Amino acid sequence: MTKRPLILVTNDDGITAPGIRALIEVMKELGDVVVVAPDSPQSGMGHAITLNSMLHLERVYVDNGEQMEYSCSGTPADCVKLAVKQILGRRPNLCVSGINHGSNSSINVIYSGTMSAALEAGIEGIPAIGFSLLDYNYNANFETAKKYVRTITKNALEKGIPDQVVLNVNIPNLPEKDIKGIKVCRQARANWEEEFDKRKSPQGKDYYWLTGKFVNLDGGEDTDEWALENGYVSVVPVQFDLTAHHVISNLNTWDFNGTDKK
């Protein structure tokens, strides 16, 4: 008999978040599931790892499913590291992260704990996908998203994800009848125009709240932002090699041998 795939599930919203519970439900249809996820929300943590404090790992029973689950006191990247080094008896066939409550399209991939967990798996040589739903509501409806999670995951298991590539999947917050399909895209050029709202505490000390708005600077119709705005699920292949290869030849024209004498 063929052994069922081993699937590692994680997220950044915390192990009890509705998004990860929906993801676990789908993954149980496709393989044997082990969950290692933060014990509290870790959104916006990026690729942070815990270096100067203890990490705690606890076996938990969130529901009555057959999956094994562990809550971790660390970041999403910590969760993947601990899963690989301490918990899993064999290398997983796939790591899935999410389903995130909110967008991780475009530049958001840099800040995302969801995607950093997936990227950490990719660094470990594990095929990985990060899933996000464009709904920040804690009680978001993930039923439509589950259909696309299932389709993309089955393709990943059957056809494979290229080495050193991780998939960033974003799903529009639309009724199923209004989603037009799935598009493979590039990451849109966009950023956040940010400000800090300065306030005073009751003790008279200054404190700040980060505010801002997302600005899409990319008019291309092959981007994740265009796809999402036009009713498509976006799939962006992301690499963790950050080398700007196209700039190497230009930098090699610089004079690194001269001596600056003043």
Side-chain angles (χ1 to χ4, degrees), residues 8 10 12 43-49 51 75-81 83-85 91-98 100 102-132 152-153 155-171 182-194 212 214-230 232-260:
L8 172 62
T10 189
D12 73 349
S43 297
M45 290 297 291
H47 214 102
I49 57 175
L51 295 175
T75 68
D78 288 330
C79 291
V80 174
K81 287 179 179 291
V84 172
K85 304 299 182 184
R91 182 165 292 276
N93 300 90
L94 184 70
C95 174
V96 291
S97 183
N100 190 63
S103 172
N104 278 318
S105 61
S106 186
I107 196 65
N108 295 302
V109 70
I110 298 294
Y111 308 106
S112 166
T114 299
M115 280 305 298
S116 288
L119 286 163
E120 181 62 34
I123 292 168
E124 292 282 349
I126 302 165
I129 311 171
F131 291 102
S132 302
I152 293 167
T153 302
N155 272 275
L157 288 169
E158 292 169 5
K159 299 180 179 180
I161 297 173
D163 189 37
Q164 299 190 47
V165 170
V166 172
L167 301 184
N168 181 18
V169 177
N170 282 270
I171 302 164
I182 299 171
K183 275 194 177 295
V184 178
C185 312
R186 64 177 174 87
Q187 178 181 314
R189 185 172 61 89
N191 61 22
W192 285 89
E193 290 185 355
E194 297 170 335
F214 181 75
V215 180
N216 184 6
L217 304 170
D218 200 321
E221 296 185 0
D222 58 343
T223 71
D224 50 3
E225 290 300 324
W226 185 93
L228 293 164
E229 289 172 6
N230 287 273
Y232 292 93
V233 175
S234 68
V235 179
V236 176
V238 176
Q239 62 183 13
F240 44 85
D241 175 3
L242 299 182
T243 307
H245 293 277
H246 64 288
V247 177
I248 290 175
S249 59
N250 175 275
L251 290 180
N252 277 326
T253 68
W254 290 20
D255 181 9
F256 294 121
N257 297 316
T259 302
D260 186 9

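The analysis underlying the following values was restricted to heavy atoms, covering all of them including side chains, and did not include hydrogens, waters or symmetry mates. Predicted, not measured: the structure shown is a model, and the values here were computed from it.
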Enquirer: Taking all non-hydrogen atoms of both residues, which atom of Ile126 and which atom of Leu94 are closest, and how far apart?
Expert: CG2-C, 4.0 Å
Enquirer: Mind listing the closest non-hydrogen atom pair of Val184 and Pro237 along with its distance?
Expert: CG1-CD, 4.3 Å
Enquirer: I'd like to check the side chain to side chain donor-acceptor pair (under 3.5 Å) partners of Asn250; sequence neighbours left out, ordered by chain and number.
Expert: none
Enquirer: State which residues pass side-chain contact (heavy atoms from CB on, under 4.5 Å) with Ser116; sequence neighbours excluded, sorted by chain then number.
Expert: His47
Enquirer: Taking all atoms of both residues into account, what is the closest heavy-atom pair of Phe131 and Thr153, and its distance?
Expert: CZ-OG1, 3.5 Å
Enquirer: On a heavy-atom basis, which atom in Thr114 and which in Gly130 lie closest, and how many Å separate them?
Expert: CG2-CA, 4.5 Å
Enquirer: Is the backbone of Thr75 close enough, under 3.5 Å, to the side chain of Asp78 for a donor and an acceptor to pair up by distance?
Expert: yes
Enquirer: Partners of Phe214 by ring-ring contact (aromatic ring centres under 6.0 Å, His included), sequence neighbours excluded?
Expert: Trp192
Enquirer: Could you state the interatomic distance from NZ (Lys183) to CG (Asn170), rounded to the nearest 0.5 Å?
Expert: 15.5 Å
Enquirer: Residues in side chain to side chain donor-acceptor pair (under 3.5 Å) with Ser112, at least two apart?
Expert: Asn104
Enquirer: Tell me every residue that passes side chain to side chain donor-acceptor pair (under 3.5 Å) with Ser105, counting only those two or more places apart in sequence or in another chain.
Expert: Ser103, Glu225
Enquirer: What heavy-atom pair brings Pro76 and Thr10 nearest, and what distance separates the two atoms?
Expert: O-OG1, 4.5 Å
Enquirer: Sequence neighbours excluded and cut-off under 3.5 Å, please list the side-chain donor-acceptor pairs for residues 241-248, or say none.
Expert:
residue : atom : partner : partner atom : Å
Asp241  : OD1  : Thr243  : N            : 2.9
Asp241  : OD1  : Thr243  : OG1          : 2.7
Asp241  : OD2  : His245  : NE2          : 3.1

Enquirer: Check side-chain contact (heavy atoms from CB on, under 4.5 Å) between Asp218 and all other residues, then give those that pass, not counting sequence neighbours.
Expert: Arg186, Ala188, Arg189, Asn216, Thr223
Enquirer: Identify which one of Val169, Asn168, Ile110 satisfies the side chain to side chain contact (heavy atoms under 4.5 Å, CB included) criterion when paired with Met115.
Expert: Asn168
Enquirer: Side chain to side chain donor-acceptor pair (under 3.5 Å) with Asp224: which residues, sequence neighbours excluded?
Expert: none
Enquirer: Write out all pairs satisfying salt bridge (Lys or Arg N to Asp or Glu O under 4.0 Å) with one or both partners inside residues 111-132, taking only residues at least two apart or from two chains.
Expert: Lys81-Glu120, Lys85-Glu124
Enquirer: Measure the spacing between CG of Asn108 and CG of Asn100 and express it to the nearest 0.5 Å.
Expert: 9.5 Å
Enquirer: Measure the CD1-CD1 distance between Ile152 and Ile129 for me, rounded to the nearest 0.5 Å.
Expert: 7.0 Å
Enquirer: Where is the tightest heavy-atom contact between Leu251 and Phe256, given as atom of each residue plus distance?
Expert: O-CE1, 3.4 Å
Enquirer: Can you name the residues that form a side-chain contact (heavy atoms from CB on, under 4.5 Å) with Ala128, not counting sequence neighbours?
Expert: Cys95, Ala118, Ala121, Val166
Enquirer: Is there any salt bridge (Lys or Arg N to Asp or Glu O under 4.0 Å) pair reaching into residues 161-171, and which pairs are they, with sequence neighbours excluded?
Expert: none
